[in-house]
Student: 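This is the structure I want to talk about, given as structure tokens.
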Amino acid sequence: MKHARARSPRLADIDSHTEGYIISASARTADFIDGYVAEDPVLTAAREQAFELGINAVSRGCGAALRVIAAVSNAKAVVEVGTGTGVSGGWLLRGMRRDGVLTTIDYEAEHQRVARRVFSAAGNPPSRTRIITGRALDVLPRLADRAYDLIFVDHDPSEYGPVVTAAERLLRPGGTLVLADALAGGRVSDPTMRDAETVLLREAVKSLRDSEAWIPTLLPLDDGLLLAARAQ
């Protein structure tokens, strides 16, 4: 005997319940993504220290994505803009080649001292990291052309435009640029948001989409993870 087909919800039911359902479903999905790949105790401790210092570290799901990107890129030379306490750098190192070197840049020396301990606690010898204290826009011009496989940026969004320009020079053909918080909590996709920071970030995102030098996409991780491959 066939079971009767379930009744389709009325439009009024959808209107009254959909918004709450979407919010709760999105939260459940985010939690599932974060828990899909376990974070080891070293990175968990680094995340807790980031919270204590008022730093928004990448989520566990975003960190796992960074590890995969580094692994599929067979990345040996990686630049990170925004060291923090070493959460994102720790994930990147776990995906990079064993002989790879992470060059990580931040203007906060205190944060980098924590990151240095985190990298060491994870078993990375000092030769695997090059920690540079300074402003990204001052440091990036000193790095070698076409010498890097991957660049990850989790920094001041108002500076993403100049960083994108620098990345075009620094990445080898086929290398990958990754921008964290590329949607800025939905502000980038909202044309009514015209504050200076949002406008600058929106222009950087648009420039990657429109340039023939890049092959971009956006992933719904954290506040938007933008991936762009340097065209061959």
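These numbers come from a predicted model, not from an experiment.
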Student: For Glu197, what residues pass the salt bridge (Lys or Arg N to Asp or Glu O under 4.0 Å) criterion, not counting sequence neighbours?
Tutor: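 In terms of salt bridge (Lys or Arg N to Asp or Glu O under 4.0 Å), with neighbours along the sequence ignored, Glu197 is linked to Arg187.
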
Student: Once salt bridge (Lys or Arg N to Asp or Glu O under 4.0 Å) is applied, do any residues pair with Arg128, and if so which ones, sequence neighbours excluded?
Tutor: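 With sequence neighbours excluded, Arg128 shows a salt bridge (Lys or Arg N to Asp or Glu O under 4.0 Å) to no residue whatsoever.
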
Student: Between Thr44 and Val42, is there a side-chain heavy-atom distance shorter than 4.5 Å?
Tutor: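 A side-chain contact is absent here, since even the closest heavy-atom pair is not under 4.5 Å.
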
Student: Can you list everything that forms a side-chain hydrogen bond (donor to acceptor under 3.5 Å, both in side chains) with Arg60? Sequence neighbours excluded, please.
Tutor: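 Testing Arg60 for side-chain hydrogen bond (donor to acceptor under 3.5 Å, both in side chains), a comparison that skips the adjacent residues, returns none.
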
Student: Nearest heavy-atom pair of Gly61 and Asp34: which atoms, and what distance?
Tutor: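 Closest approach of Gly61 to Asp34: N-OD1, 2.8 Å.
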
Student: Just so I know, are the side chains of Val163 and Leu137 near enough to count as touching, which here means a heavy-atom distance under 4.5 Å?
Tutor: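 Yes, close enough: below the 4.5 Å cut-off.
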
Student: Work out which heavy atom in Gly86 is nearest to a heavy atom in Val118; give both atom names and the distance.
Tutor: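 The answer is O-CG1, 4.2 Å.
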
Student: Look at the side chain of Tyr107 and the backbone N and O of Ala136, then say whether any donor-acceptor pair between them is shorter than 3.5 Å.
Tutor: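 It does not hold such a pair.
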
Student: Do the side chains of Phe119 and Ile131 get nearer than 4.5 Å, heavy atoms only?
Tutor: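 Yes; the side chains approach each other to less than 4.5 Å.
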
Student: Could you tell me which residues satisfy side-chain contact (heavy atoms from CB on, under 4.5 Å) with Asp190, sequence neighbours excluded, listed by chain and number?
Tutor: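 With sequence neighbours excluded, Asp190 shows a side-chain contact (heavy atoms from CB on, under 4.5 Å) to Thr192, Met193, given in chain and number order.
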
Student: Kindly determine whether Val153 and Tyr160 satisfy side chain to side chain contact (heavy atoms under 4.5 Å, CB included), including the steps that lead there.
Tutor: CA-CA 8 Å; Val153 186; Tyr160 275 18; 3.5 Å; yes

Student: Can you find a heavy atom in the side chain of Glu203 that is under 4.5 Å from one in the side chain of Val199?
Tutor: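 The answer is yes, as the side chains (C-beta and beyond) meet within the 4.5 Å cut-off.
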
Student: Does Ile105 share a hydrophobic cluster with Ile55, counting links as ILVMFWY side-chain heavy atoms below 4.5 Å and allowing steps through other members?
Tutor: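 Each belongs to a different hydrophobic cluster.
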
Student: Looking only at non-hydrogen atoms, find the nearest pair between Ala144 and Leu170 and report the distance.
Tutor: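 Looks like O-CD2, 3.3 Å.
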
Student: Restricting to salt bridge (Lys or Arg N to Asp or Glu O under 4.0 Å), what partner residues turn up for Arg117, sequence neighbours left out?
Tutor: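 Testing Arg117 for salt bridge (Lys or Arg N to Asp or Glu O under 4.0 Å), a comparison that skips the adjacent residues, returns none.
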
Student: Stepwise, does the side chain to side chain contact (heavy atoms under 4.5 Å, CB included) test hold for Val81 with Asp154?
Tutor: CA-CA 6 Å; Val81 178; Asp154 187 7; over 6 Å; no

Student: Over all heavy atoms of both residues, which pair between Arg47 and Ser59 is shortest? Give the atoms and the distance, please.
Tutor: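 Reported closest heavy-atom pair: NH2-C, 3.6 Å.
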
Student: I'd like to know if Leu177 and Leu226 are part of one continuous hydrophobic network [Ile/Leu/Val/Met/Phe/Trp/Tyr, side-chain heavy atoms within less than 4.5 Å].
Tutor: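 Leu226 clusters together with Leu177.
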
Student: Taking only residues at least two apart or on different chains, which pairs with a member in residues 166-186 satisfy side chain to side chain donor-acceptor pair (under 3.5 Å)?
Tutor: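 Sorted result for residues 166-186: Asp145-Arg169, Asp149-Arg172.
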
Student: Does any part of the side chain of Val78, heavy atoms only, come nearer than 4.5 Å to the side chain of Phe152, both counted from C-beta?
Tutor: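 No, too far: nothing below the 4.5 Å cut-off.
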
Student: Which residues pass the side-chain hydrogen bond (donor to acceptor under 3.5 Å, both in side chains) test with Asp223, not counting sequence neighbours?
Tutor: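 Here no residue qualifies.
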
Student: Between CD of Glu80 and CD1 of Ile132, what distance do you get to the nearest 0.5 Å?
Tutor: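 One gets 11.5 Å once the value is rounded to the nearest 0.5 Å.
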
Student: How close do Leu43 and Gly90 get, heavy atom to heavy atom, and via which atoms?
Tutor: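 Heavy atoms only, the tightest pair is CD2-CA, 3.9 Å.
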
Student: When the side chains of residues 65-76 are checked against the rest of the protein, which donor-acceptor pairs come out under 3.5 Å, sequence neighbours left out?
Tutor:
| residue | atom | partner | partner atom | Å |
| --- | --- | --- | --- | --- |
| Ser73 | OG | Ile69 | O | 2.7 |

Student: Sequence neighbours excluded, which residues qualify as side-chain contact (heavy atoms from CB on, under 4.5 Å) partners of Pro191?
Tutor: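 Applying side-chain contact (heavy atoms from CB on, under 4.5 Å) to Pro191 gives none.
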
Student: If I take atom CG from residue Leu92 and atom OG from residue Ser88, how far apart are they, to the nearest 0.5 angstrom?
Tutor: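 That separation rounds to 6.0 Å.
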
Student: Are Leu225 and Val87 in one and the same hydrophobic cluster, where Ile, Leu, Val, Met, Phe, Trp and Tyr link if side-chain heavy atoms are under 4.5 Å apart?
Tutor: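 Same hydrophobic cluster.
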
Student: Measuring from atom CG of Leu93 to atom OG1 of Thr129, what distance do you get when rounded to the nearest 0.5 angstrom?
Tutor: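 Between Leu93 CG and Thr129 OG1, I get 7.0 Å after rounding to 0.5 Å.
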
Student: Spell out, yes or no, whether Leu102 and Leu143 are grouped together once hydrophobic residues are joined by side-chain heavy atoms under 4.5 Å, including indirect joins.
Tutor: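 No.
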
Student: Any chance you could lay out the side chain to side chain contact (heavy atoms under 4.5 Å, CB included) test for Glu110 and Leu53, step after step, and finish with the verdict?
Tutor: CA-CA 10 Å; Glu110 177 188 357; Leu53 290 170; 3.6 Å; yes

Student: Measure across Ala115 and Gly84 and return the closest heavy-atom pair with its distance rounded to 0.1 Å.
Tutor: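 Closest approach of Ala115 to Gly84, heavy atoms only: CB-O, 3.8 Å.
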
Student: Flag yes if Val205 and Ile151 sit in one hydrophobic cluster, no otherwise; membership is Ile, Leu, Val, Met, Phe, Trp, Tyr, and two members link when side-chain heavy atoms are under 4.5 Å apart.
Tutor: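 Yes.
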
Student: Val164 and Leu179: side chain to side chain contact (heavy atoms under 4.5 Å, CB included), yes or no, with the steps?
Tutor: CA-CA 9 Å; Val164 167; Leu179 302 181; 4.2 Å; yes

Student: Taking only residues two or more places apart in sequence or in another chain, which ones pass side-chain hydrogen bond (donor to acceptor under 3.5 Å, both in side chains) with Gln112?
Tutor: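 For Gln112 the side-chain hydrogen bond (donor to acceptor under 3.5 Å, both in side chains) partners, ignoring immediate neighbours, are Thr83, Thr133.
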
Student: Could you check whether atom CG of Asn56 has more than 12 heavy atoms from other residues, nucleotides or ligands sitting under 6.0 Å from it?
Tutor: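 Incorrect, the count does not exceed 12.
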
Student: Could you pull out all donor-acceptor pairs under 3.5 Å where a side-chain atom in residues 208-220 meets a protein atom, sequence neighbours excluded?
Tutor:
| residue | atom | partner | partner atom | Å |
| --- | --- | --- | --- | --- |
| Asp210 | OD2 | Lys206 | NZ | 2.8 |
| Ser211 | OG | Ala213 | N | 3.0 |

Student: Mind checking what makes side-chain hydrogen bond (donor to acceptor under 3.5 Å, both in side chains) contact with Thr103, not counting sequence neighbours?
Tutor: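 Thr103: side-chain hydrogen bond (donor to acceptor under 3.5 Å, both in side chains) contacts with Arg130.
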
Student: Of the options Leu140, Val101, Val139, Thr104, which is the one that meets Val79 in a side-chain contact (heavy atoms from CB on, under 4.5 Å)?
Tutor: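 The side-chain contact (heavy atoms from CB on, under 4.5 Å) with Val79 is passed solely by Leu140 among Leu140, Val101, Val139, Thr104.
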
Student: Any donor-acceptor pair under 3.5 Å linking the side chain of Arg202 with the backbone of Val188?
Tutor: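 Yes; judged by distance alone, with no hydrogens or angles, the pair exists.
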
